Every structure is written in C-alpha cells, then in structure tokens.
Protein chains: 2
Amino acid sequence: MLPVFPAAEACCTPMAREPLGEADAAELARMFKALADPVRLRLLSLIASYEGGEACVCDLTGPFDVSQPTISHHLKVLREAGLVGSERRGTWVYYWVIPAALNRLSSLLQVPGQISVPALAGGGA
Amino acid sequence: MLPVFPAAEACCTPMAREPLGEADAAELARMFKALADPVRLRLLSLIASYEGGEACVCDLTGPFDVSQPTISHHLKVLREAGLVGSERRGTWVYYWVIPAALNRLSSLLQVPGQISVPALAGGGA
DNA sequence: CATCTGCTTCGACATACATCTATGTTGACA
DNA sequence: TGTCAACATAGATGTATGTCGAAGCAGATG
C-alpha cells in the first residue's frame, strides 16, 4: 500500500545521455507537473526542511495565503506523484518527502558542461 | 541578446536546507512548468543528447506525433523558461540546452538520506 | 521578382488546473 | 453519545494550457 519507491530501473539516467522514451517522459512529466506550482514547491521545501523530516498539516497551512482545502489538495498532488508520503497519527496527519523520488529527478536533470555545486552531502547545519 | 545565465545567486541551494521564499518558488515553478510536459521533456533530452549538443527544428519534428507548429510552441516555452537557447543559421534554427539552468534545478532537488547516482562527471560513453 | 522551404505566430477550441465554499470523515475527549 | 478539532472530499468557477489549421515571415534559389 505504501508506494515504496519502485527501485531504480530506467531511473537516474541523465536525459542528456540518450533521448527519453515516450513512457518514461510521460511518467516524469507527471512528477514535474507536481513541482510546477509555487505553493507545492514551498510545501515540499517546508516539509523537507522541517525538524525530523516530517510535518503535520497544521504546520503547513499557516505560511500560505490559500485555504486549508487548497493545501490539502496540493498535498494530495504531491502524494500521488510519489514525492511525499503521509500517515495519520492520532489527530494529526504527517507528511515527509521521499528522497529517492527527488534524487531521481535531480539525477535526470544533471547535464555535463558546467560544474554543479558540492551541495549537501554532509547534511550539516 | 543571448540570455547568458544570470550567475548563481539564490541558485543551487537544495530545497531541503531551508524553506523556499515566495519569489524563488514562483520563478522555479515557472521552470518546472516548462518541464511538466512529455513532449517538452523528450524535446529537451533529444536536444541535449544530439551530437554537438544542438539540433535544428527539422531534426525535432520527426519523432513526434504532434504538428510542427506545436513543436515550435513547445520550443518557445522551453526557451522562455531559460532552459534552451536558439539561433537562426541560414535556413535552419538551432536549439541547445543551457546546462546552468538544468543543473540549478538538479541541485535544488537533491535531498540527503539516500545515495544519488555517480552519473556523468566524465561526459560518458 | 517569383517561389519554395523552414519555422513562427495567430485565432479557435477543448481540456486541465488552482482555488473557493460547503460538507464529510476521523479521532480525541467529556 | 455528543461535540470539537484536524483533514479530506465534492462541486463550482475562472484561468491556463496543449493542440490544431491557416497565415505570416525570412532565407535560399532560380
């Protein structure tokens, strides 16, 4: 039931290596579509940067100008795209990001010809 | 005229580090929106993996089931998002990817907690 | 100039999407 | 059981988007 990330098959090959097939492109477009909204991007980074790596919906509605059902809708989009997971714990529902999904998209976008940042690795302060 | 990539400012900070601001989220959403279509994803990977790193429109219309004006429209979307550049050379118009833009998005999506692929680095096969 | 080819722009149309309010559901608690 | 709080779902609505055919524009060529 929990959508455990479907392992790495056609995963993680940079798109600059070889042209994407129709099926892969369709699936990836669905994931990028989930990222193609300012509210969802902020939701995702809010969840990802939350202490413990997860946040309840009550933590996520405050920072936005949109209604609570709208936040709920955006979280559903992110969940159905496989970018976040969720679980009810008592009164609250918690969300967390799925690293494998985001890192897959990250790898796909890597292009040679320019140096990328060292970035995280550590995970530090 | 050529949109030289606007250097790295708020660039390249993974979204898991700290919550995205509204302005950054809006700009990034525009770029992800350009990626949120199967045809555009395939166009991008087709261009990126073309010999010499660039392709003319005549190379790009064949592999798709959509009309040539539609391809032209999608190329315009990619160009206005800053993901590709283009230039007319005699009869043909050539397109190439802008590595800095794609790598910026790639860095943004990197999340700790799971190993990413070694990927390119060298420049390949 | 006339014409052909490669590509872009325009106008129209159907579908998808973001957002709202109203309502439903689920768990805690008196 | 009744009630309250936290989220989710449903239905409605305006806007954005993907697609097409037709027309425009720009080089090349005769």
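A quick note: this is a predicted structure, and the numbers were derived from the prediction, not measured. Chain naming here is simple, since letters A, B, ... match the order of the sequence lines and numbering starts at 1 in each.
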List, with names and distances, any nitrogen or oxygen atoms from the protein found under 3.5 Å away from nitrogen or oxygen atoms belonging to nucleotides 28-30 of chain C.
none

With Ala48(B) via side chain to side chain contact (heavy atoms under 4.5 Å, CB included) - residues at least two apart | Ala16(A), Val97(B)
Among all residues two or more places apart in sequence or in another chain, which pass the side chain to side chain donor-acceptor pair (under 3.5 Å) test with [X]?
| X | result |
| --- | --- |
| Thr61(B) | none |
| Thr91(B) | none |
| Ser72(B) | none |
| Arg40(B) | His74(B) |

Hey, what bend do you get for the helix from dC1(C)-dG30(D) to dA30(C)-dT1(D) if you fit axes on five pairs at each end, rounded to 10°?
-> 10°
Output every pair passing salt bridge (Lys or Arg N to Asp or Glu O under 4.0 Å) with a member in residues 89-99 of chain B, not counting sequence neighbours, ordered by first then second residue.
-> Glu54(B)-Arg89(B), Glu87(B)-Arg89(B)
Could you list by number each residue of residues 69-78 of chain B showing a heavy-atom separation from DNA chain D of less than 4.0 Å, or answer none if no residue does?
-> Pro69(B), Thr70(B), His73(B), His74(B)
Could you identify which residues of residues 38-68 of chain B place a heavy atom less than 4.0 Å from some atom of DNA chain C, listed by residue number, or say none?
-> Cys56(B), Val57(B), Cys58(B), Gln68(B)
Side-chain hydrophobic cluster, 4.5 Å single linkage: members besides Trp92(A) | Tyr94(A)
Using the heavy-atom set of chain B and a strict 4.0 Å cut-off, write down the first and last nucleotide of DNA chain D that makes it in, 5' to 3'.
-> dT17(D) to dA28(D)
